[in-house]
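The next block holds one structure in the form of C-alpha coordinates; read it before the comments.
So that the names make sense, note that chain A is the first sequence line, chain B the second, and so on, each numbered from 1. Only a predicted model underlies this, so the values are computations on that prediction, with no experimental measurement involved.
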There are 2 protein chains.
Amino acid sequence: MLLTVFCYVCSLELYDMKYEQLKLENQLCFPVYAASRLITRAYQPYLNELGITYPQYLVLLVLWEEDNILVNDIARKLILNTNTITPLLKRMEQQGLVERKRSEVDERKVCVLLTEEGEQLKATAALIPQKVGEHLVNAGLEVDDLLALKDSLNSIISFLSK
Amino acid sequence: MLLTVFCYVCSLELYDMKYEQLKLENQLCFPVYAASRLITRAYQPYLNELGITYPQYLVLLVLWEEDNILVNDIARKLILNTNTITPLLKRMEQQGLVERKRSEVDERKVCVLLTEEGEQLKATAALIPQKVGEHLVNAGLEVDDLLALKDSLNSIISFLSK
DNA sequence: AACGATATAGTTGTAGGCGATATAATATAG
DNA sequence: CTATATTATATCGCCTACAACTATATCGTT
(Lines give C-alpha, C1' and ligand atoms only; values in the text may rest on other atoms or scores of the structure.)
Protein backbone atom coordinates (compact mmCIF):
# COMPACT_ATOMS: atom_id res chain seq x y z
CA MET A 1 0.00 0.00 0.00
CA LEU A 2 2.71 2.42 0.93
CA LEU A 3 4.34 1.57 -2.33
CA THR A 4 1.56 3.44 -4.05
CA VAL A 5 1.86 6.38 -1.77
CA PHE A 6 5.07 8.27 -2.03
CA CYS A 7 6.76 7.55 -5.27
CA TYR A 8 4.23 5.65 -7.27
CA VAL A 9 1.90 7.60 -9.48
CA CYS A 10 1.43 5.92 -12.80
CA SER A 11 -0.99 3.09 -13.46
CA LEU A 12 0.47 -0.18 -12.32
CA GLU A 13 1.41 -2.71 -14.89
CA LEU A 14 1.16 -6.22 -13.56
CA TYR A 15 4.56 -7.24 -14.84
CA ASP A 16 7.52 -5.27 -13.59
CA MET A 17 5.57 -4.17 -10.53
CA LYS A 18 8.51 -4.88 -8.32
CA TYR A 19 10.64 -2.07 -9.73
CA GLU A 20 7.96 0.36 -10.84
CA GLN A 21 8.79 2.64 -7.94
CA LEU A 22 12.35 2.98 -9.17
CA LYS A 23 11.43 4.73 -12.40
CA LEU A 24 12.65 8.30 -12.41
CA GLU A 25 9.21 9.47 -13.40
CA ASN A 26 7.63 7.90 -10.33
CA GLN A 27 9.95 9.49 -7.82
CA LEU A 28 9.04 12.58 -5.86
CA CYS A 29 12.62 13.23 -4.90
CA PHE A 30 13.76 13.95 -8.43
CA PRO A 31 11.26 16.70 -9.35
CA VAL A 32 12.17 18.54 -6.17
CA TYR A 33 15.86 18.20 -6.91
CA ALA A 34 15.51 19.22 -10.56
CA ALA A 35 13.12 22.09 -9.87
CA SER A 36 15.48 23.44 -7.25
CA ARG A 37 18.35 23.60 -9.70
CA LEU A 38 16.20 25.03 -12.48
CA ILE A 39 14.85 27.78 -10.25
CA THR A 40 18.39 28.63 -9.24
CA ARG A 41 19.29 28.86 -12.92
CA ALA A 42 16.28 31.10 -13.52
CA TYR A 43 17.44 33.51 -10.82
CA GLN A 44 21.02 33.45 -12.05
CA PRO A 45 20.92 36.12 -14.80
CA TYR A 46 19.32 38.58 -12.41
CA LEU A 47 21.74 37.73 -9.62
CA ASN A 48 24.69 38.04 -11.98
CA GLU A 49 23.79 41.70 -12.41
CA LEU A 50 24.14 42.07 -8.65
CA GLY A 51 27.35 40.04 -8.65
CA ILE A 52 26.03 37.45 -6.20
CA THR A 53 25.19 33.75 -6.23
CA TYR A 54 21.92 32.14 -5.26
CA PRO A 55 22.93 31.00 -1.76
CA GLN A 56 24.44 34.43 -1.18
CA TYR A 57 21.09 35.92 -2.21
CA LEU A 58 19.38 33.75 0.40
CA VAL A 59 21.76 35.01 3.07
CA LEU A 60 20.93 38.56 2.04
CA LEU A 61 17.20 37.79 2.26
CA VAL A 62 17.78 36.76 5.85
CA LEU A 63 19.84 39.86 6.64
CA TRP A 64 17.44 42.27 4.94
CA GLU A 65 14.76 40.87 7.18
CA GLU A 66 16.89 40.90 10.32
CA ASP A 67 20.30 42.50 10.41
CA ASN A 68 22.99 41.91 12.98
CA ILE A 69 22.35 38.21 13.32
CA LEU A 70 24.54 35.27 14.38
CA VAL A 71 26.15 32.88 11.90
CA ASN A 72 24.27 30.09 13.60
CA ASP A 73 20.91 31.79 13.18
CA ILE A 74 21.50 32.35 9.47
CA ALA A 75 22.36 28.68 9.14
CA ARG A 76 19.26 27.66 11.05
CA LYS A 77 16.96 29.83 8.96
CA LEU A 78 18.39 28.52 5.71
CA ILE A 79 18.63 24.96 7.06
CA LEU A 80 22.31 24.90 6.16
CA ASN A 81 25.31 23.79 8.19
CA THR A 82 27.65 26.42 9.53
CA ASN A 83 30.51 24.91 7.59
CA THR A 84 28.62 25.89 4.45
CA ILE A 85 27.80 29.37 5.68
CA THR A 86 31.19 30.32 7.04
CA PRO A 87 33.18 30.36 3.77
CA LEU A 88 30.17 31.84 2.00
CA LEU A 89 30.08 34.74 4.45
CA LYS A 90 33.81 35.22 4.06
CA ARG A 91 33.40 35.62 0.32
CA MET A 92 30.57 38.08 0.92
CA GLU A 93 32.76 39.99 3.36
CA GLN A 94 35.52 40.06 0.72
CA GLN A 95 33.01 41.60 -1.69
CA GLY A 96 32.06 44.22 0.87
CA LEU A 97 28.46 43.05 1.24
CA VAL A 98 28.60 42.10 4.91
CA GLU A 99 30.75 42.57 7.97
CA ARG A 100 31.55 39.83 10.47
CA LYS A 101 32.12 40.91 14.04
CA ARG A 102 32.94 38.64 16.95
CA SER A 103 30.65 39.28 19.90
CA GLU A 104 32.31 40.92 22.90
CA VAL A 105 29.94 39.34 25.37
CA ASP A 106 30.44 35.81 24.10
CA GLU A 107 33.54 35.41 22.04
CA ARG A 108 32.31 32.22 20.43
CA LYS A 109 29.64 34.12 18.59
CA VAL A 110 30.07 36.00 15.33
CA CYS A 111 27.56 38.66 14.34
CA VAL A 112 26.90 39.33 10.68
CA LEU A 113 25.92 42.84 9.62
CA LEU A 114 24.99 44.37 6.29
CA THR A 115 27.32 46.98 4.91
CA GLU A 116 25.98 50.06 3.17
CA GLU A 117 26.55 48.25 -0.12
CA GLY A 118 24.71 45.15 1.04
CA GLU A 119 21.78 47.24 2.18
CA GLN A 120 21.64 49.05 -1.13
CA LEU A 121 21.23 45.85 -3.12
CA LYS A 122 17.83 45.40 -1.53
CA ALA A 123 16.02 47.82 -3.81
CA THR A 124 17.23 46.09 -6.97
CA ALA A 125 16.72 42.63 -5.51
CA ALA A 126 13.12 43.47 -4.65
CA LEU A 127 12.27 43.28 -8.33
CA ILE A 128 13.74 39.83 -8.93
CA PRO A 129 11.14 37.43 -7.45
CA GLN A 130 8.31 38.85 -9.49
CA LYS A 131 10.39 38.80 -12.65
CA VAL A 132 11.01 35.08 -12.22
CA GLY A 133 7.44 34.45 -11.10
CA GLU A 134 6.09 36.36 -14.05
CA HIS A 135 7.57 33.77 -16.39
CA LEU A 136 5.91 30.90 -14.56
CA VAL A 137 2.50 32.53 -14.49
CA ASN A 138 2.77 33.54 -18.13
CA ALA A 139 3.59 29.90 -18.86
CA GLY A 140 0.16 28.98 -17.54
CA LEU A 141 0.91 27.90 -13.99
CA GLU A 142 -1.97 28.56 -11.63
CA VAL A 143 -1.40 30.79 -8.64
CA ASP A 144 -3.38 28.45 -6.41
CA ASP A 145 -1.19 25.55 -7.47
CA LEU A 146 1.95 27.49 -6.63
CA LEU A 147 0.58 28.37 -3.20
CA ALA A 148 -0.40 24.74 -2.59
CA LEU A 149 3.04 23.72 -3.77
CA LYS A 150 4.62 26.04 -1.26
CA ASP A 151 2.45 24.64 1.54
CA SER A 152 3.27 21.04 0.72
CA LEU A 153 6.96 21.80 0.57
CA ASN A 154 6.80 23.59 3.90
CA SER A 155 5.07 20.56 5.43
CA ILE A 156 7.85 18.34 4.16
CA ILE A 157 10.45 20.78 5.40
CA SER A 158 8.98 21.13 8.86
CA PHE A 159 8.88 17.37 9.17
CA LEU A 160 12.30 16.58 7.76
CA SER A 161 14.14 19.38 9.50
CA LYS A 162 13.66 17.84 12.92
CA MET B 1 -0.75 42.30 -9.21
CA LEU B 2 2.01 39.95 -10.18
CA LEU B 3 3.63 40.84 -6.90
CA THR B 4 0.95 38.83 -5.17
CA VAL B 5 1.32 35.93 -7.47
CA PHE B 6 4.60 34.11 -7.22
CA CYS B 7 6.30 34.87 -4.00
CA TYR B 8 3.74 36.72 -2.01
CA VAL B 9 1.43 34.70 0.19
CA CYS B 10 0.87 36.36 3.52
CA SER B 11 -1.63 39.11 4.15
CA LEU B 12 -0.26 42.44 3.02
CA GLU B 13 0.58 44.98 5.61
CA LEU B 14 0.24 48.50 4.32
CA TYR B 15 3.60 49.59 5.63
CA ASP B 16 6.64 47.71 4.38
CA MET B 17 4.72 46.59 1.32
CA LYS B 18 7.66 47.39 -0.89
CA TYR B 19 9.86 44.65 0.51
CA GLU B 20 7.27 42.14 1.62
CA GLN B 21 8.14 39.88 -1.29
CA LEU B 22 11.73 39.66 -0.08
CA LYS B 23 10.87 37.89 3.15
CA LEU B 24 12.21 34.36 3.16
CA GLU B 25 8.80 33.09 4.17
CA ASN B 26 7.16 34.59 1.10
CA GLN B 27 9.52 33.06 -1.42
CA LEU B 28 8.70 29.97 -3.38
CA CYS B 29 12.31 29.43 -4.38
CA PHE B 30 13.50 28.75 -0.85
CA PRO B 31 11.09 25.91 0.08
CA VAL B 32 12.06 24.09 -3.11
CA TYR B 33 15.75 24.57 -2.37
CA ALA B 34 15.44 23.55 1.27
CA ALA B 35 13.16 20.59 0.59
CA SER B 36 15.56 19.31 -2.03
CA ARG B 37 18.46 19.25 0.40
CA LEU B 38 16.36 17.76 3.18
CA ILE B 39 15.10 14.96 0.95
CA THR B 40 18.67 14.24 -0.07
CA ARG B 41 19.59 14.05 3.61
CA ALA B 42 16.68 11.69 4.22
CA TYR B 43 17.92 9.34 1.51
CA GLN B 44 21.51 9.53 2.71
CA PRO B 45 21.52 6.87 5.46
CA TYR B 46 20.00 4.32 3.08
CA LEU B 47 22.38 5.29 0.28
CA ASN B 48 25.35 5.08 2.62
CA GLU B 49 24.58 1.40 3.07
CA LEU B 50 24.91 1.03 -0.69
CA GLY B 51 28.04 3.16 -0.72
CA ILE B 52 26.63 5.70 -3.18
CA THR B 53 25.68 9.38 -3.16
CA TYR B 54 22.33 10.85 -4.10
CA PRO B 55 23.27 12.02 -7.62
CA GLN B 56 24.90 8.64 -8.20
CA TYR B 57 21.62 7.06 -7.13
CA LEU B 58 19.81 9.16 -9.72
CA VAL B 59 22.21 7.95 -12.40
CA LEU B 60 21.50 4.39 -11.34
CA LEU B 61 17.75 5.05 -11.55
CA VAL B 62 18.26 6.07 -15.15
CA LEU B 63 20.42 3.05 -15.94
CA TRP B 64 18.11 0.57 -14.22
CA GLU B 65 15.35 1.88 -16.45
CA GLU B 66 17.45 1.92 -19.60
CA ASP B 67 20.91 0.41 -19.71
CA ASN B 68 23.57 1.10 -22.30
CA ILE B 69 22.82 4.79 -22.64
CA LEU B 70 24.90 7.78 -23.72
CA VAL B 71 26.47 10.23 -21.27
CA ASN B 72 24.51 12.96 -22.96
CA ASP B 73 21.20 11.16 -22.50
CA ILE B 74 21.83 10.62 -18.80
CA ALA B 75 22.59 14.31 -18.46
CA ARG B 76 19.45 15.24 -20.37
CA LYS B 77 17.23 13.00 -18.27
CA LEU B 78 18.63 14.35 -15.02
CA ILE B 79 18.74 17.92 -16.36
CA LEU B 80 22.43 18.10 -15.51
CA ASN B 81 25.37 19.27 -17.57
CA THR B 82 27.77 16.70 -18.96
CA ASN B 83 30.63 18.26 -17.07
CA THR B 84 28.82 17.29 -13.88
CA ILE B 85 28.06 13.79 -15.09
CA THR B 86 31.48 12.91 -16.48
CA PRO B 87 33.51 12.92 -13.24
CA LEU B 88 30.56 11.37 -11.42
CA LEU B 89 30.52 8.47 -13.87
CA LYS B 90 34.27 8.10 -13.54
CA ARG B 91 33.91 7.67 -9.79
CA MET B 92 31.14 5.14 -10.33
CA GLU B 93 33.36 3.30 -12.78
CA GLN B 94 36.13 3.31 -10.17
CA GLN B 95 33.70 1.71 -7.73
CA GLY B 96 32.80 -0.93 -10.27
CA LEU B 97 29.16 0.13 -10.62
CA VAL B 98 29.25 1.06 -14.29
CA GLU B 99 31.37 0.65 -17.37
CA ARG B 100 32.07 3.42 -19.89
CA LYS B 101 32.64 2.37 -23.47
CA ARG B 102 33.32 4.64 -26.39
CA SER B 103 31.01 3.91 -29.30
CA GLU B 104 32.69 2.29 -32.31
CA VAL B 105 30.19 3.75 -34.73
CA ASP B 106 30.57 7.32 -33.53
CA GLU B 107 33.70 7.92 -31.52
CA ARG B 108 32.33 11.08 -29.94
CA LYS B 109 29.81 9.07 -28.01
CA VAL B 110 30.40 7.20 -24.76
CA CYS B 111 28.01 4.46 -23.72
CA VAL B 112 27.41 3.78 -20.05
CA LEU B 113 26.54 0.24 -18.97
CA LEU B 114 25.70 -1.32 -15.62
CA THR B 115 28.12 -3.85 -14.25
CA GLU B 116 26.90 -6.97 -12.51
CA GLU B 117 27.44 -5.14 -9.22
CA GLY B 118 25.50 -2.10 -10.38
CA GLU B 119 22.62 -4.28 -11.49
CA GLN B 120 22.57 -6.08 -8.16
CA LEU B 121 22.08 -2.88 -6.17
CA LYS B 122 18.66 -2.54 -7.75
CA ALA B 123 16.96 -5.02 -5.44
CA THR B 124 18.13 -3.24 -2.29
CA ALA B 125 17.49 0.19 -3.76
CA ALA B 126 13.92 -0.76 -4.60
CA LEU B 127 13.08 -0.60 -0.91
CA ILE B 128 14.44 2.90 -0.33
CA PRO B 129 11.74 5.21 -1.78
CA GLN B 130 8.98 3.69 0.26
CA LYS B 131 11.08 3.80 3.41
CA VAL B 132 11.56 7.55 2.97
CA GLY B 133 7.95 8.04 1.87
CA GLU B 134 6.68 6.07 4.83
CA HIS B 135 8.08 8.72 7.16
CA LEU B 136 6.30 11.53 5.33
CA VAL B 137 2.96 9.78 5.28
CA ASN B 138 3.28 8.78 8.91
CA ALA B 139 3.97 12.44 9.63
CA GLY B 140 0.50 13.24 8.33
CA LEU B 141 1.19 14.35 4.78
CA GLU B 142 -1.68 13.60 2.43
CA VAL B 143 -1.06 11.39 -0.56
CA ASP B 144 -3.10 13.68 -2.78
CA ASP B 145 -1.01 16.63 -1.74
CA LEU B 146 2.18 14.79 -2.58
CA LEU B 147 0.83 13.88 -6.01
CA ALA B 148 -0.27 17.46 -6.62
CA LEU B 149 3.13 18.60 -5.45
CA LYS B 150 4.78 16.35 -7.97
CA ASP B 151 2.55 17.66 -10.76
CA SER B 152 3.25 21.29 -9.95
CA LEU B 153 6.96 20.66 -9.82
CA ASN B 154 6.85 18.86 -13.15
CA SER B 155 5.02 21.83 -14.68
CA ILE B 156 7.72 24.14 -13.42
CA ILE B 157 10.40 21.80 -14.67
CA SER B 158 8.92 21.40 -18.13
CA PHE B 159 8.68 25.15 -18.43
CA LEU B 160 12.08 26.06 -17.03
CA SER B 161 14.03 23.32 -18.79
CA LYS B 162 13.47 24.88 -22.21
C1' DA C 1 37.63 16.13 -51.24
C1' DA C 2 37.49 20.46 -48.38
C1' DC C 3 35.83 23.19 -44.95
C1' DG C 4 32.87 25.40 -41.76
C1' DA C 5 29.19 24.11 -38.52
C1' DT C 6 27.59 21.10 -35.17
C1' DA C 7 27.78 17.48 -31.71
C1' DT C 8 29.91 14.98 -27.83
C1' DA C 9 32.68 14.52 -24.14
C1' DG C 10 36.14 16.22 -21.28
C1' DT C 11 39.09 19.97 -18.61
C1' DT C 12 39.65 23.83 -15.58
C1' DG C 13 38.31 26.93 -12.12
C1' DT C 14 35.00 28.64 -8.71
C1' DA C 15 31.40 28.01 -5.37
C1' DG C 16 28.36 25.47 -2.82
C1' DG C 17 26.95 21.39 0.58
C1' DC C 18 28.17 18.47 4.15
C1' DG C 19 30.54 14.72 7.21
C1' DA C 20 34.20 14.53 10.32
C1' DT C 21 36.92 16.91 13.16
C1' DA C 22 39.30 20.84 15.57
C1' DT C 23 39.49 24.87 18.50
C1' DA C 24 38.22 27.91 21.70
C1' DA C 25 34.84 29.98 24.85
C1' DT C 26 31.23 29.26 28.00
C1' DA C 27 28.18 26.61 30.97
C1' DT C 28 27.51 22.99 34.27
C1' DA C 29 28.50 19.42 37.67
C1' DG C 30 30.53 17.90 41.53
C1' DC D 1 37.21 25.82 41.88
C1' DT D 2 38.46 22.30 38.82
C1' DA D 3 36.84 18.76 35.50
C1' DT D 4 33.68 17.86 32.07
C1' DA D 5 30.17 18.88 28.77
C1' DT D 6 28.24 21.95 25.64
C1' DT D 7 28.17 25.60 22.26
C1' DA D 8 29.78 28.44 18.22
C1' DT D 9 32.54 28.75 14.67
C1' DA D 10 36.03 27.21 11.67
C1' DT D 11 39.05 23.73 8.96
C1' DC D 12 39.65 19.85 5.90
C1' DG D 13 38.41 16.74 2.40
C1' DC D 14 35.23 14.93 -0.81
C1' DC D 15 31.54 15.30 -4.05
C1' DT D 16 28.50 17.90 -6.72
C1' DA D 17 27.04 21.93 -9.99
C1' DC D 18 28.06 24.83 -13.59
C1' DA D 19 30.35 28.56 -16.67
C1' DA D 20 33.85 28.87 -19.92
C1' DC D 21 36.67 26.60 -22.75
C1' DT D 22 39.09 22.71 -25.38
C1' DA D 23 39.60 18.61 -28.27
C1' DT D 24 37.96 15.58 -31.35
C1' DA D 25 34.60 13.50 -34.40
C1' DT D 26 30.89 13.82 -37.53
C1' DC D 27 27.81 16.18 -40.73
C1' DG D 28 26.40 19.27 -44.54
C1' DT D 29 27.42 21.94 -48.20
C1' DT D 30 29.82 23.14 -51.74
Side-chain angles (χ1 to χ4, degrees), chain A residues 30 33-45 47-48 51-60 69-76 78-95 97-98 100-112 160-161, chain B residues 29-30 33-45 47-48 50-60 69-76 78-95 97-98 100-112 160-161:
Chain A
F30 175 67
Y33 165 79
S36 174
R37 285 181 300 100
L38 286 171
I39 290 176
T40 302
R41 287 186 200 173
Y43 271 78
Q44 194 122 327
L47 297 177
N48 282 344
I52 57 176
T53 65
Y54 182 72
Q56 288 171 8
Y57 169 71
L58 292 180
V59 169
L60 287 176
I69 187 178
L70 298 183
V71 172
N72 226 346
D73 292 332
I74 296 177
R76 196 173 302 115
L78 298 181
I79 318 179
L80 285 167
N81 299 325
T82 59
N83 54 358
T84 298
I85 296 287
T86 295
L88 199 150
L89 287 172
K90 283 186 177 177
R91 281 186 288 268
M92 292 178 77
E93 192 178 32
Q94 211 79 29
Q95 289 183 265
L97 296 174
V98 300
R100 297 186 312 135
K101 217 158 40 182
R102 206 162 272 276
S103 161
E104 290 170 10
V105 190
D106 185 340
E107 296 229 341
R108 291 171 304 181
K109 297 177 179 174
V110 171
C111 296
V112 182
L160 289 181
S161 61
Chain B
C29 64
F30 175 68
Y33 165 80
S36 174
R37 285 181 300 99
L38 285 170
I39 290 176
T40 303
R41 287 187 200 173
Y43 272 78
Q44 194 122 328
L47 297 177
N48 282 345
L50 304 184
I52 56 176
T53 66
Y54 182 71
Q56 288 171 8
Y57 169 71
L58 292 181
V59 169
L60 287 176
I69 186 178
L70 299 183
V71 172
N72 227 345
D73 292 333
I74 296 177
R76 196 173 302 116
L78 298 181
I79 319 179
L80 285 167
N81 299 324
T82 58
N83 55 357
T84 297
I85 296 287
T86 295
L88 197 150
L89 288 171
K90 283 186 178 177
R91 281 187 287 270
M92 292 177 76
E93 192 178 32
Q94 210 80 28
Q95 289 184 266
L97 296 175
V98 301
R100 297 185 313 134
K101 218 158 39 182
R102 203 162 274 275
S103 161
E104 290 170 10
V105 191
D106 185 340
E107 296 228 343
R108 293 172 301 182
K109 298 176 179 174
V110 171
C111 296
V112 182
L160 288 181
S161 61

> Taking the inter-plane angle between the rings of A/Tyr33 and B/Tyr54 on a 0 to 90° scale, is it parallel (under 30°), tilted (30 to 60°) or perpendicular (over 60°)?
Replying inline: perpendicular
Rounded to the nearest angstrom, tell me the gap between atom [atom1] in [X] and atom [atom2] in [N].
X: B/Glu104; N: D/dT26; atom1: CD; atom2: P; result: 12 Å
X: B/Glu107; N: C/dT6; atom1: CD; atom2: P; result: 23 Å
X: A/Tyr33; N: D/dC18; atom1: OH; atom2: C1'; result: 11 Å
X: B/Leu80; N: C/dA9; atom1: CG; atom2: P; result: 14 Å
X: A/Gln44; N: D/dA20; atom1: CD; atom2: C1'; result: 13 Å
X: B/Lys101; N: C/dT8; atom1: NZ; atom2: C1'; result: 19 Å
X: B/Ile74; N: C/dA9; atom1: CD1; atom2: C1'; result: 12 Å
X: A/Asn81; N: C/dT21; atom1: CG; atom2: P; result: 15 Å

> Contact class for A/Val112 vs. all strands (heavy atom < 4.0 Å): base, sugar-phosphate, or nothing?
Replying inline: nothing
> Base, sugar-phosphate, or nothing: which does A/Ile85 touch, judged by heavy atoms less than 4.0 Å apart?
Replying inline: nothing
> Between the side chain of A/Thr84 and the main-chain N/O of A/Leu80, is any donor-acceptor distance below 3.5 Å?
Replying inline: no
>> Treating A/Gln44 as the side-chain partner and A/Arg41 as the backbone partner, does any N or O pair qualify as donor plus acceptor under 3.5 Å?
In response: no
> Listed in order of residue number, which residues of residues 87-95 of chain B have a non-hydrogen atom at under 4.0 Å from DNA chain C?
Replying inline: B/Lys90
> Among residues 52-60 of chain B, which residues get a heavy atom nearer than 4.0 Å to DNA chain C?
Replying inline: none
>> For nucleotides 3-9 of chain D, give me one character per nucleotide, 5' to 3': B if any protein heavy atom sits under 4.0 Å from the base, S if the only such contacts are to the sugar-phosphate, - if neither.
In response: ----BSB
Find the distance between [atom1] ([X]) and [atom2] ([Y]) and round it off to the nearest 0.5 Å.
X: A/Ile85; Y: A/Asp73; atom1: CD1; atom2: CG; answer: 11.0 Å
X: B/Leu60; Y: B/Ile52; atom1: CG; atom2: CD1; answer: 5.0 Å
X: A/Ile74; Y: A/Leu58; atom1: CD1; atom2: CG; answer: 11.5 Å
X: B/Arg76; Y: B/Ser161; atom1: CZ; atom2: OG; answer: 11.5 Å

> Side chains of A/Leu47 and A/Thr53: closer than 4.5 Å at any heavy-atom pair?
Replying inline: no
> Heavy atoms, side chains only, cut-off 4.5 Å: are B/Leu78 and B/Val59 in contact?
Replying inline: yes
> How far apart are the closest heavy atoms of B/Leu160 and A/Ala42, and which atoms are they?
Replying inline: CD2-CB, 4.2 Å
> After noting the C-alpha distance and the side-chain angles of B/Ile39 and B/Tyr43, does the key distance pass the side-chain contact (heavy atoms from CB on, under 4.5 Å) rule?
Replying inline: CA-CA 6 Å; B/Ile39 290 176; B/Tyr43 272 78; 3.6 Å; yes
>> The test is side-chain contact (heavy atoms from CB on, under 4.5 Å); show your working for A/Val110 and A/Leu70 and say whether it passes.
In response: CA-CA 6 Å; A/Val110 171; A/Leu70 298 183; over 6 Å; no
>> So if I take the C1' atoms of five pairs at each end of the helix from C/dA1-D/dT30 to C/dG30-D/dC1 and get each local axis, what angle do the two axes make, rounded to 10 degrees?
In response: 20°
>> Does A/Asn83 contact C/dG19 through a side-chain donor or acceptor facing the base, at a distance under 3.5 Å?
In response: yes
>> List the residues meeting side chain to side chain donor-acceptor pair (under 3.5 Å) with A/Asp106, not counting sequence neighbours, and say none if there are none.
In response: A/Arg108
Taking distance alone, no hydrogens or angles, what donor-acceptor pairs closer than 3.5 Å link side-chain atoms of residues 87-95 of chain B to residues at least two apart or in another chain?
unit_1, atom_1, unit_2, atom_2, d
B/Glu93, OE1, B/Arg100, NE, 3.1
B/Glu93, OE2, B/Arg100, N, 3.3
B/Gln95, NE2, B/Gly51, O, 3.0

